[in-house]
Amino acid sequence: MDKRKKTIVHQLRSGMALAVILAAVVLLDPPATAYAFNVTPIEMVEMYTTSGTPVYATPDVFSPVVVYLERFTNVRVYGITDNGFYQVDLNGTFYIPGPFMVSQIQPAKTEKQKALEDLEDFADAYRMQLEFMESYSGTFALVDVTGDGIPELFDAEGKEIYTYYNKRPVMIYYSENPVKFYYSKKENKLLGKYTWNKKDIWEVYYKDTSLLPWGQFKCIGVATTPTKDAPVVTRDYTNNAETRADLYNILKNKLSL
């Protein structure tokens, strides 16, 4: 066999080997195909989207997304596919993956609801803080001054306030002066008092969330001397081991009202 024929035979053999390899690869890893699906019709219902809900032209997460819907968009549903997509009517037939749909809008939980669900951690956080305070504060108060339903913790003199956030106590005021706090029931806000040059200086405090997501109370100006609308915070509880042991029930009673 001459040299030219040998070259042709070698090329043919190489091509056949490559074809065999490609065929094997195809068998092991076939090209992606659209999922074969069946739609079970359901009576038309209204559902709501979650955040960034993708809408597909076909019930296949590998297909292009037609549009993303904002949270709580009302969508009419009239079918469900065997691979978990809702068949929806959006001026045409489209498909939304099941996990992105809810049957009703769930309102965001309040801080009070969160605290009630985490009551063990809530009680532990305040109990720990009260143990730190015991040496200088024989009594304490639990008053909701932020208006979120959670009673804040005051020491004996009203100079320090702690609240429950993310399973830990957080001091929620700051001032240039040592302040004794009074609580205005009428306006649900704090008034602070300190002595300067033998005079009582009154300040008004408002909730400020510019620095911390849970907020702090910040002095925003001088207040007039309060009357009956701003009684001193009453220390109703004794800071001792017995009261701290019962803190779970005390807080549960306050949060459940």
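FYI, the numbering just counts along the sequence from 1.
Taking CD of Glu152 as the start and CG of Asp144 as the end, the distance is 5.5 Å to the nearest 0.5 Å. Taking OG1 of Thr81 as the reference point, atom OH of Tyr86 lies at 10.0 Å (rounded to 0.5 Å). With values rounded to the nearest 0.5 angstrom, Met128 atom CE is found 10.0 Å from Leu130 atom CG. To the nearest 0.5 Å, atoms CG (Asp118) and CD (Glu120) are separated by 10.0 Å. We find the CZ-OG1 distance between Arg71 and Thr50 to be 8.5 Å, quoted to the nearest 0.5 Å. In this structure, the separation between CG on Asp121 and CZ on Arg127 is 11.0 Å, given to the nearest 0.5 Å.
For the pair Val55 and Val75, the minimum side-chain heavy-atom distance is 4.5 Å or more. The side-chain heavy atoms of Val88 and Tyr95, taken from C-beta on, include no pair separated by under 4.5 Å. Within the 4.5 Å cutoff, the side chain of Ser137 has no heavy atoms near those of the Phe154 side chain. Two residues are said to be in side-chain contact when any heavy atoms from C-beta on lie closer than 4.5 Å; Tyr78 and Thr93 meet this criterion. Ile96 is not listed as a side-chain neighbour of Met47, based on a closest heavy-atom distance of 4.5 Å or more. A heavy-atom distance below 4.5 Å is found between the side chains of Leu142 and Leu153. With contacts defined as side-chain heavy-atom distances shorter than 4.5 Å, the pair Asp82/Thr40 does not qualify.
The two residues Phe122 and Ala115 have their closest heavy-atom pair at CD2-CB, 3.8 Å. Heavy atoms only, all atoms of each residue included: Val39 and Gln87 are closest at CG1-OE1, 3.3 Å. Phe85 and Thr58 make their closest contact through CE2-O, 4.4 Å (heavy atoms, listed as atom of the first residue, atom of the second, distance). Considering every non-hydrogen atom in both Pro97 and Pro54, the closest pair reads CD-O, 3.7 Å. Of all non-hydrogen atoms in Ala57 and Val66, the two that sit nearest each other are N-CG2, 3.5 Å. Nearest heavy-atom pair across Leu119 and Leu255 is CD1-CD1, 3.8 Å.
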**Request:** Test Thr53 against Thr73 for side chain to side chain contact (heavy atoms under 4.5 Å, CB included), laying out the working first.
**Result:** CA-CA 9 Å; Thr53 296; Thr73 300; over 6 Å; no
**Intermediate values then yes/no, side chain to side chain contact (heavy atoms under 4.5 Å, CB included), Thr243 and Ile250** = CA-CA 9 Å; Thr243 305; Ile250 293 172; 3.9 Å; yes
**Request:** Dump the intermediate steps for side chain to side chain contact (heavy atoms under 4.5 Å, CB included) on Arg244 and Asn239, then the final yes or no.
**Result:** CA-CA 7 Å; Arg244 292 194 297 268; Asn239 189 3; 2.9 Å; yes
**Request:** Could you go through the side chain to side chain contact (heavy atoms under 4.5 Å, CB included) check for Tyr126 and Gln129 one step at a time?
**Result:** CA-CA 5 Å; Tyr126 274 21; Gln129 188 58 46; 5.5 Å; no
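Follow the hydrophobic side-chain contacts under 4.5 Å out from Val45 and you reach Phe94 in the same cluster. The cluster map of Ile, Leu, Val, Met, Phe, Trp and Tyr, joined by side-chain heavy atoms under 4.5 Å apart, puts Val67 and Phe100 in the same cluster. Note on Tyr48 and Met101: separate hydrophobic clusters, where clusters join Ile, Leu, Val, Met, Phe, Trp and Tyr whose side-chain heavy atoms are under 4.5 Å apart, directly or indirectly.
Under a cut-off of 6.0 angstrom, the local environment of OH in Tyr68 is sparse, with at most 12 non-hydrogen atoms contributed by other residues, nucleotides or ligands.
A donor-acceptor contact shorter than 3.5 Å links the side chain of Asn83 to the backbone of Pro59.
The aromatic rings of Phe140 and Tyr237 sit parallel, their planes meeting at an angle under 30°, below the 60° perpendicular limit.
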